[in-house]
Structures are given as structure tokens and as C-alpha cells.
Amino acid sequence: MIAQALSTDILVTAAKEIFETMVFMNVGLVTHDKGRTTDDVVLSTITFSGDVEGCLGVCCDQASATAIALNMLGMSPNDPLDTADIDDAMGEIANMVMGSIKSLTSDIFGEIQLSIPTVIKGAHIEYQLGEASQEMHVNVTLAIDYRADLSFLWRSA
Amino acid sequence: MAKSLMIVDDSATMRKIVMRTVRMSGLQFDRTEEAGNGVEALAKLEAGPVDIMLCDVNMPEMNGTELVKKVRENAAYKDIKIVMVSTESSDDFIDELLKNGADAYITKPFTPDKFQDKLAPLLN
């Protein structure tokens, strides 16, 4: 019943709220989908627990993650940016998008607690929640030129 | 009158964003401090209290909830205004924080106008 109650609109709404308010990047849906970003990515995840448990993943290529960090920090493209700044920014993105999802799903999921986000980098990163879990994926464009792949996985605790 | 601000958040990125948003809101401070968690914040307060603290809730070592309690336990810090900044938006959670001593609460995502609305009355 929980799977049927959730729509990818929740991911899109949360992404729009955060990226457009805090990152100043307009969000659109990827229309010519070539599949999920897999090579040389930055993946930020945050887990949640309660009556329902799961995780949110925000996955970007390096260029998109860098653009997100620069925008969040109000820096120009030529400003020096540490890897730590990019990781931190991506962690905050996952934190804030999950906060928005939590607010949007409070009537469905009840009270849930969020973890501190984790950021990893690599290629062909996959994650799963095991049996009896549901998932949904949305790929969005950010300011036209960039992209983020959002994945939301959950199951009854 | 000189006003001082401390931003407490384990994310260096978020501390910069908060600082930038404070500037964009038009609020002016003569001294600003930053701390990465509650323990660090308390150590910096010992060197000199501030007028207002903007605190994240979820932080390692000492979270925002515990930090508020510690600040309120110390009579020397009774005039410090504490504003919590977090993604958490449930009424129960916010009420609990306010009951424990926070003066105001700002949810993420935030805008300069939100900072102006919440902080200006506390500074005046």
C-alpha cells in the first residue's frame, strides 16, 4: 500500500524546492533518457528509519556536482573549489532533499529519523535495500546543462 | 550597537551558505564566529559570548538540542538568542526545541527574507 501511495512527483517536488531555492538551478525532467549516470560519479546518500526505513541517493557526474557546489557557495566557475567542498555540498543536497521528502510523506510514513549523509565517488555504483523494498528513480536536469539522478528506496521496518 | 553572530553547523558548506544568506538579508554583524559542533561552540563562547547563534540540529559530538540545553544552563549566556536551522519541520519537534530554550526556528530551505523575519526581532 505504501508503494502505491508514492509518486515520483514527490522526488521532483522535493528536488525543485531545494535546487531552485538553495542552489539557484532550475529543475527539469530528463526527456531523452540515456539511462542513469554511471561513470565517475559523486553519490550522496542519506538513510532514514522509523516505521518505514530506507534511503535517498542523489547521484551526479563530477561536472554537475562541481556546478552544484559552486552555485550553493555563490562562487564563479573559475573560483578554486576543494573536493571537500563538493562532497560537503552534495551531502547537504541529500540532507535537504530528504528533509523535503520527509515533510511531503509525513502522512504516509509517519515519524522518521534521518541519518547524517554520506558521500562516495566512483563508477557504476549500485545500492539496494534488500527484499520487500520499493524504489523509485527520477532523473532531472539542473540549469539545463547538468543532471542529477535521484533514487528513493524504502520498506516497512 | 555592535552585534555578534555564531554559526554552528558540521557542514562547512552550510556555514558559508548561512553566512551568505545573513549578508543578503541585510542584517549586519561586527563579529562572526563559526563552529563545527556543539563542543566547539561552547569552547568559543568561553572566549566571548555572542548576541545570537544560528545552530544546526543534527551534528556529531554534540547536537543542536544538547547545545541549547548547555547554553541555557549557563547564566553567563542568558542573553544569547538561539535560532535553530534545520530540515526538520514537524510541529512537535520545533515545539520541543523552543521549550528547551531556543528562541526561534528556521527550516531549510531558507531565504534571506526568512532570516530577516526571524532574526531582526531578536536583535532588536
Side-chain angles (χ1 to χ4, degrees), chain A residues 13-25 27 44 46-50 56 65-66 68-75 79 81-107 109-119, chain B residues 7-26 32 34-40 54-67 84-97 105-118:
Chain A
T13 300
K16 277 180 176 284
E17 182 185 31
I18 301 308
F19 280 104
E20 291 177 4
T21 305
M22 300 295 289
V23 193
F24 311 108
M25 292 173 122
V27 172
S44 178
I46 184 166
T47 63
F48 59 90
S49 59
L56 166 75
T66 301
I68 288 168
L70 286 170
N71 270 38
M72 282 180 83
L73 293 166
M75 298 165 72
D79 287 335
L81 196 61
D82 288 337
T83 301
D85 289 333
I86 298 173
D87 292 352
D88 205 13
M90 286 295 291
E92 274 304 317
I93 288 292
N95 187 36
M96 289 190 288
V97 172
M98 187 62 221
S100 180
I101 292 171
K102 178 179 173 179
S103 181
L104 291 168
T105 59
S106 58
D107 290 344
F109 284 172
E111 186 60 34
I112 56 175
Q113 292 76 44
L114 307 187
S115 70
I116 291 175
T118 302
V119 179
Chain B
I7 298 171
V8 189
D9 197 306
D10 57 316
S11 165
T13 297
M14 189 48 65
R15 292 199 301 270
K16 291 175 190 170
I17 292 171
V18 168
M19 187 70 76
R20 184 163 61 109
T21 308
V22 167
R23 278 200 299 268
M24 290 167 69
S25 73
T32 55
E34 292 184 27
N37 56 61
V39 172
E40 207 176 305
L54 288 167
C55 299
D56 186 20
V57 173
N58 291 327
M59 296 183 288
E61 301 219 33
M62 183 188 290
N63 63 33
T65 306
E66 191 59 30
L67 173 61
M84 310 306 292
V85 183
S86 178
T87 56
E88 181 64 61
S89 61
S90 72
D91 290 338
D92 289 346
F93 185 82
I94 294 172
D95 288 344
E96 192 64 26
L97 281 175
Y105 191 92
I106 295 174
T107 52
K108 296 176 187 176
F110 46 72
T111 61
D113 285 346
K114 222 185 249 191
F115 270 44
Q116 172 67 229
D117 289 345
K118 293 285 186 175

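Because the structure is a prediction, the values reported are computed rather than measured. Naming convention: chains lettered A, B, ... in sequence-line order (proteins, then strands); numbering from 1 in each chain.
In this structure, chain A has no heavy atom under 4.5 Å from any part of Phe93(B). Proximity to chain A is limited to the side chain of Ser89(B), based on heavy atoms less than 4.5 angstrom apart.
Residue-level contacts of residues 82-91 of chain A with chain B, in order of numbering, are Asp85(A), Asp88(A), Ala89(A); threshold 4.5 Å between heavy atoms.
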Checklist entry - Can you list the steps and then say if Lys108(B) with Asn95(A) is a side-chain contact (heavy atoms from CB on, under 4.5 Å)? => result CA-CA 10 Å; Lys108(B) 296 176 187 176; Asn95(A) 187 36; 4.0 Å; yes

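The nearest pair of heavy atoms linking Thr87(B) to Gly99(A) is CB-CA, 3.9 Å.
When the salt bridge (charged side-chain N to carboxylate O under 4.0 Å, His left out) test is applied to Glu34(B), the partners found at least two apart in sequence or on another chain are Arg15(B).
Annotation: side chain of Glu88(B) is in contact with side chain of Lys102(A) (closest heavy-atom distance under 4.5 Å).
Remark: Asp79(A) CG is packed, more than 12 non-hydrogen atoms of other residues, nucleotides or ligands lying under 6.0 Å away.
In this structure, CE on Met22(A) lies 11.0 Å from OG1 on Thr13(B), to the nearest 0.5 angstrom. Residue Asp10(B) holds its CG atom at 7.5 Å from CD of Glu92(A), rounded to the nearest 0.5 Å.
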